[in-house]
2 protein chains.
Amino acid sequence: MTSLAPEPTDRRMTSAERRDAILAAASVLFGQRGYFGATTDQVARAAGISQPYVVRMFGSKEALFLAVIGRAKTSLLAAFRGALADWRAAGAAGGDPCDALGPAYLELLRERGVHTSLMQAFMQGSEPAIGAAARDGFLEIWAFLRDEAGVDPETARSFLADGMLINVLAGLEMPRDMRPEAAELLEATLGDKARLLPGA
Amino acid sequence: MTSLAPEPTDRRMTSAERRDAILAAASVLFGQRGYFGATTDQVARAAGISQPYVVRMFGSKEALFLAVIGRAKTSLLAAFRGALADWRAAGAAGGDPCDALGPAYLELLRERGVHTSLMQAFMQGSEPAIGAAARDGFLEIWAFLRDEAGVDPETARSFLADGMLINVLAGLEMPRDMRPEAAELLEATLGDKARLLPGA
DNA sequence: GTCTATAATACGATAGAC
DNA sequence: GTCTATCGTATTATAGAC
């Protein structure tokens, strides 16, 4: 039976890719304006499709947002796991794994909307479904640092704090400010990697 | 002329206090749901007045939000300046001023909505008026640390990072999560002060 | 000063054609 | 799979009475 042959992979890839392109567009918009501020119509326009189709594809705006933060969490953990594996392969036994995770976190700024959409989710703790997913995602990062990377609580806490400051500078689009204080803050926090922030 | 006598202070105080009560209610709501998520009707109900009156009193929702973050910035800087003065009066010349500012920041969690409304503003950098005000406010804190408290850039950066992590745990309402990982994270970040977070 | 009533619009979601 | 048309509702803001 010819029907046993697999469907042309082109079709399925295109479908999954299109879905991911919508999620990428939604990540940027939710990252900029937050869950309530970004509209399904804005996502649709950015993705070049109709507003009802966005809702149809994900079921609801809330489900779309949950898919966005799930995708961001996956991107982040993949970047961390890759950096950790490389760091271990390079044979850095006694050192601090965060020395490898930090640069990976900054490189991820090139993928727009990952940090900011997660951060917007973190600020919705009082929304029942989103809040639960956000707490869950944050604790998954914590568990990765403690259990997979093997760092102690204070090192993990400090690493997360540095990450949250970077997220805030991304949310602020701080490079838009041209005053010397802004330059000093950006230099102290990110050095020349400040160019990766939104607004730069 | 009897009209030269000052107006009864009762009247004016009551008016200013009522305005501040509205701002306090708005701080909590904007902190929880963000600029777009909180509605003027929710603020009005929380303050026990009508929705059109909220808009009338502040001119627009955006002006109300800007008043909220202005008030939060004032509360924060007042707490910092008070703690810094006490610390200097106690004669701690060679130490780190952040040792006094940190506890003051945690005590301010009792005043609901200060940290979270500021954080929500920080995540709206792409909104023209709000973004500019948010960057301005953040840099005012930075300038306080550098110029008034006299701390070096790396100490200031690290202090701000710790603060941003606390803000995120407040936004997440992390104490709602009962798993041991959440307890470990909260203990590492706030110790017994975790009880001051929303959601606790 | 504060309210009620309401205008004007924006939004998420559904129905149904193709 | 994807669109157009549209419904029902929520939201900001204004008008105007008291």
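Lettering of chains follows the sequences in order, A, B, ..., and the numbering in each one begins at 1.
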*Which of residues 121-134 of chain B sit near DNA chain C, with a heavy atom under 4.0 Å from it?*
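Going residue by residue through residues 121-134 of chain B, none turns out to have a heavy atom under 4.0 Å of DNA chain C.
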*Measure from CG on Leu29(A) to C1' on dC11(C) and round the result to the nearest Å.*
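After rounding, the gap between these two atoms is 15 Å.
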*asked:* So does Leu185(A) get a backbone contact from the side chain of Arg157(B), meaning a donor-acceptor N/O pair under 3.5 Å?
replied: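 No, Arg157(B) side chain to Leu185(A) backbone: no donor-acceptor pair under 3.5 Å.
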_Strictly by side chain to side chain donor-acceptor pair (under 3.5 Å), give each pair with a member in residues 72-88 of chain B just once, sequence neighbours left out._
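Found Lys73(B)-Glu140(B), Ser75(B)-Glu111(B), Arg81(B)-Glu148(B).
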*Between Arg135(B) and Leu172(A), is there a donor-acceptor pair closer than 3.5 Å when you use the side chain of the first and the backbone of the second?*
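Here the side-chain-to-backbone pair exists.
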*Within the distance-only criterion (no hydrogens, no angle test), does the side chain of Gln32(A) pair as donor or acceptor with the backbone N or O of Leu29(A) below 3.5 angstrom?*
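Not at all, since once roles are kept as given, no pair shorter than 3.5 Å links the two residues.
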_Lys61(A) to Phe30(A) six-membered ring, cation-pi geometry met (6.0 Å, 45°)_ =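 Output no; distance or angle outside limits.
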*For Ile49(A) and dG1(D), what is the distance between atoms CD1 and P respectively, to the nearest whole Å?*
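The answer, rounded to whole Å, is 13 Å.
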Measure all distances between protein nitrogen or oxygen atoms and nitrogen or oxygen atoms of nucleotides 11-15 of chain D, and list the pairs falling under 3.5 Å.
| residue | atom | partner | partner atom | Å |
| --- | --- | --- | --- | --- |
| dT12(D) | OP1 | Lys61(B) | NZ | 2.8 |
| dT12(D) | OP2 | Thr40(B) | N | 3.0 |
| dT12(D) | OP2 | Thr40(B) | OG1 | 2.9 |
| dA13(D) | OP2 | Lys61(B) | N | 2.8 |
| dA13(D) | N7 | Gln51(B) | NE2 | 3.1 |
| dA13(D) | N6 | Gln51(B) | OE1 | 3.1 |

*Closest heavy-atom pair and its distance - Met119(B), Met164(B)*: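 Result for this residue pair: CE-O, 3.7 Å.
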*asked:* Any heavy-atom pair between the side chains of Phe159(B) and Val151(B) that's under 4.5 Å?
replied: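 No, their side chains stay 4.5 Å or more apart.
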*If the plane angle is over 60° it's perpendicular, under 30° parallel, otherwise tilted; pick one for Phe80(A) and Tyr105(A).*
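Aromatic pair Phe80(A)/Tyr105(A) classed tilted.
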